[in-house]
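Heads up, the thing below is written out as structure tokens.
So that the names make sense, note that chain A is the first sequence line, chain B the second, and so on, each numbered from 1. The figures that follow rest on heavy atoms only: side chains count, while hydrogens, waters and symmetry mates do not.
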Amino acid sequence: MEKELWKGNEAIAEAAIRAGCDCFFGYPITPQSEVPEYLSLHMPQHGKVFVQAESELAAINMVYGAAGSGMRAMTSSSSPGISLKQEGITYIAAAELPCVIVNCMRGGPGLGTIQPGQGDYFQATRGGGNGDYRTVVLAPSNIQEAVDFVQEAFDIADCYRNPTMVVCDGLIGQMMEPIEWREIPKRDLPPKDWATTGKHGRDHTNIINSLYMDPEECDDHNADLEAKYKLIAEKEVRWDTKDCEDAELVITAYGTPARIALSALEALRAEGIKAGLFRPITLWPYPEKALHDLAGQDHVKAILDVEMSAGGQMIDDVRLAVEGQKPISYLGHAGGVMPTIEEIVESAKKALKEAK
Amino acid sequence: MAIVYQKSKGLTDAELHYCPGCNHGIVHKLIAEVLEEMGLLDEAIGVCPVGCSVFAYKYFNCDMQEAAHGRAPAVATGIKRTHPTQPVFTYQGDGDLASIGAAEIVHAAMRGEKFTTIFINNAIYGMTGGQMAPTTLIGQKATTCQLGRTKEQAGMPMRVSELLSTLDGCVYAERVCVTDIPHLNKAKKAIRKAFEKQMAGEGFTFVEVLSTCPTNWGMSPLKAKQWLMDNMVPYYPLGVIKETSAEVK
Ligand SMILES: Cc1ncc(C[n+]2csc(CCOP(=O)(O)OP(=O)(O)O)c2C)c(N)n1
């Protein structure tokens, strides 16, 4: 198939259209504004809905309304805007509505910087809103994955009636890369017979709701959600590895740092150091067992986690997965500073030396 | 025997949970009757608020969504934009609409979203136990202004119908009350007009209903009605606040 040169954010927007997104509700924020910009022009051309909302709060609640009435709905933003969306996301998760949320992450906290960041890992994987809920979180590390994952995210969301996030750092949104529009396998999806479409002769009303006044009922609702999350954890967990078969040093990284780590692997191997990469693709569900098993291999001596975050956030999941089997060290920067190949090589050597 | 009166098909058989003398139930009935009379029950999608009317989804016999506090106009925007030919309405209290959801209602009106909002102004937060609302009158006591609201501390109460009327997207705003039969009939006419204008695609339509809250006002239902007429009506004048004729548009 022919490759086309696309800017990340515009490719993400186009992927949504190709996935049959019916409506997009957004608010401008750097570095994701090209998503609403592109969709403002192209959604109406496809007879689809685009609304620039007055805030991210409004945008995510528009998603709630549209998704609740059976539509494929999407919103996108960057970190501070995703914070505002958290209220809506917990309601959407609670009411079991499918939708896609793209976070083109920048450095924080607060206004932080408009440069790329990965400081929203906790928010994405632990749930930034209230209550016991989960969002499926896909983390592309290049634009090809970003467009594939956005398309798949709609199906995953519909399959489980659950909000699905695609988190990329601002670099993926802003850079250009050749990609191909490949056929994404379609899933068998359940009918949306729960949606508020108007009764149209139905003998009961459909209600989209997250309120359970009876504590027993609320407990049951939570148990149902928990069972669904277990199923998702079983079926949807994804990761990728590179050169891990004999690796003494395993780098854990996702998104852009995972890509920089690939170059670091080459540099390390050139020096005769056996290094490998473990890259989670779903941040939730986390590939806990795969990483646990890898860390348990005799050839693995040390683990180096690399993130665009000051003290590391995913490192908590790395620790939970590794369960103390091997020493874990950390390399990271926040605020839009990328870890360099040299730094990774340096840290990898140090981690190995300390482990031996 | 001829049936002279029966419950609207627009309401379910669920028992209302409202306090004696509260106006929420009356307004539900009016909306239900209008939807039934206009033949819209099978098409309608309603959005209820967080507040005393949070369970309205159990009472209306049409598809319903329960929104987060104040966000009903955004939720309704998502529904109406994707179901442009169907009647969509929000039902909201004054804390929900005029305080936490002020941005959502103003911008829905600005965009001229083609849904109808029924706004219950009872000058207080009912559900959470009688705290001050943006609509609480000067001198009126509430649990967060126990000596009475003052202008210095909380500003002057917000006249929402007048505020929204300044926006071109709002084609109809009327303030009504349901304290007696003549007023109730006017209220029903206003609700009907709002839905008619919505279905004609004219723009955003708004009906503000001055309502009683005997429980949190600390009055008997009868006294509450009188208090509404004596205190709320002078500050919140009844009648059509704005009506743009379809031709002018
Ligand atoms: C985000 C959020 N903040 C606060 C609340 C608590 N709360 C529930 S109802 C309500 C006020 C409702 O008052 P109003 O809109 O006037 O409706 P009424 O109960 O008087 O009908 C508040 C503050 C909430 N549910 N959610």
Side-chain angles (χ1 to χ4, degrees), chain A residues 21-25 27 43-44 47-73 75 84 86-92 94-95 97 99 129-130 194-213, chain B residues 9-12 14 17 35 40-51 54-88 90 100-111 113 115 127:
Chain A
C21 177
D22 295 302
C23 47
F24 177 90
F25 307 96
Y27 188 84
M43 287 293 269
K48 306 291 169 118
V49 171
F50 169 88
V51 179
Q52 178 169 329
E54 61 271 32
S55 68
E56 290 85 352
L57 262 176
I60 193 72
N61 281 287
M62 290 174 187
V63 165
Y64 178 101
S69 55
M71 296 290 137
R72 282 204 147 177
T75 186
L84 272 184
Q86 295 304 324
E87 177 198 64
I89 296 172
T90 169
Y91 280 73
I92 287 170
L97 303 180
C99 72
N130 60 297
W194 43 265
T196 58
T197 52
K199 283 172 73 183
H200 298 294
R202 204 190 313 116
D203 66 0
H204 61 277
T205 61
N206 277 351
I207 295 169
I208 301 299
N209 179 36
S210 66
L211 177 64
Y212 297 84
M213 286 301 276
Chain B
K9 289 193 174 60
L11 292 174
T12 65
H17 70 283
L35 289 176
L40 296 176
L41 278 173
D42 231 24
E43 293 279 312
I45 306 168
V47 184
C48 39
V50 177
V54 68
F55 296 125
Y57 56 80
K58 293 188 194 171
Y59 306 142
F60 286 110
N61 188 13
C62 63
D63 280 1
M64 295 291 295
Q65 293 198 17
E66 166 54 37
H69 196 22
R71 316 294 173 226
V75 171
T77 298
I79 300 171
K80 184 72 187 199
R81 289 285 183 123
T82 53
H83 297 73
T85 61
Q86 289 179 241
V88 174
T90 73
I100 197 167
E104 283 76 10
I105 194 67
V106 165
H107 284 268
M110 183 204 76
R111 291 189 302 266
E113 295 295 343
F115 61 79
M127 190 199 214

State, yes or no, whether a side-chain contact exists between B/Phe55 and A/Leu211 at a heavy-atom distance under 4.5 Å. yes
Could you work out, with salt bridge (Lys or Arg N to Asp or Glu O under 4.0 Å) as the rule, every residue matching A/Glu54, not counting sequence neighbours? B/Arg111
So SG of A/Cys23 and CZ of B/Arg81: to nearest 0.5 Å the spacing works out to 11.0 Å
Considering only distance and modelled atom types, tabulate donor-acceptor pairs under 3.5 Å from the side chains of residues 56-66 of chain A, sequence neighbours left out.
from    : atom 1 : to      : atom 2 : distance (Å)
A/Asn61 : ND2    : A/Leu57 : O      : 2.7
A/Tyr64 : OH     : B/Glu66 : O      : 2.5

Does any backbone or side-chain atom of B/Gln86 lie under 4.5 Å from a heavy atom of chain A? Answer side chain, backbone, both or neither. side chain
Option that, when pairs with chain A are counted at under 4.5 Å, heavy atom only, ranks first among B/Cys62, B/Ala44, B/Pro73: B/Cys62
Find the distance between NE2 (A/His204) and CG (B/Asp63) and round it off to the nearest 0.5 Å. 8.0 Å
CG (A/Asn206) and CD1 (B/Ile45) are apart, to the nearest 0.5 Å, by 10.0 Å
Examine whether an atom of A/Ala95 lies under 4.5 Å from a heavy atom of chain B, and if so say whether it belongs to the side chain, the backbone or both; otherwise answer neither. neither
Chain B heavy atoms under 4.5 Å from A/Thr197: which part of the residue, side chain, backbone, both or neither? both
Can you name the salt bridge (Lys or Arg N to Asp or Glu O under 4.0 Å) partners of A/Lys199, sequence neighbours left out? none
Taking 4.5 Å as the heavy-atom cut-off, does anything in residues 102-109 of chain B contact chain A, and if so which residues? B/Ala103, B/Glu104, B/His107
Toward chain B, the part of A/Phe50 with a non-hydrogen atom under 4.5 Å: backbone
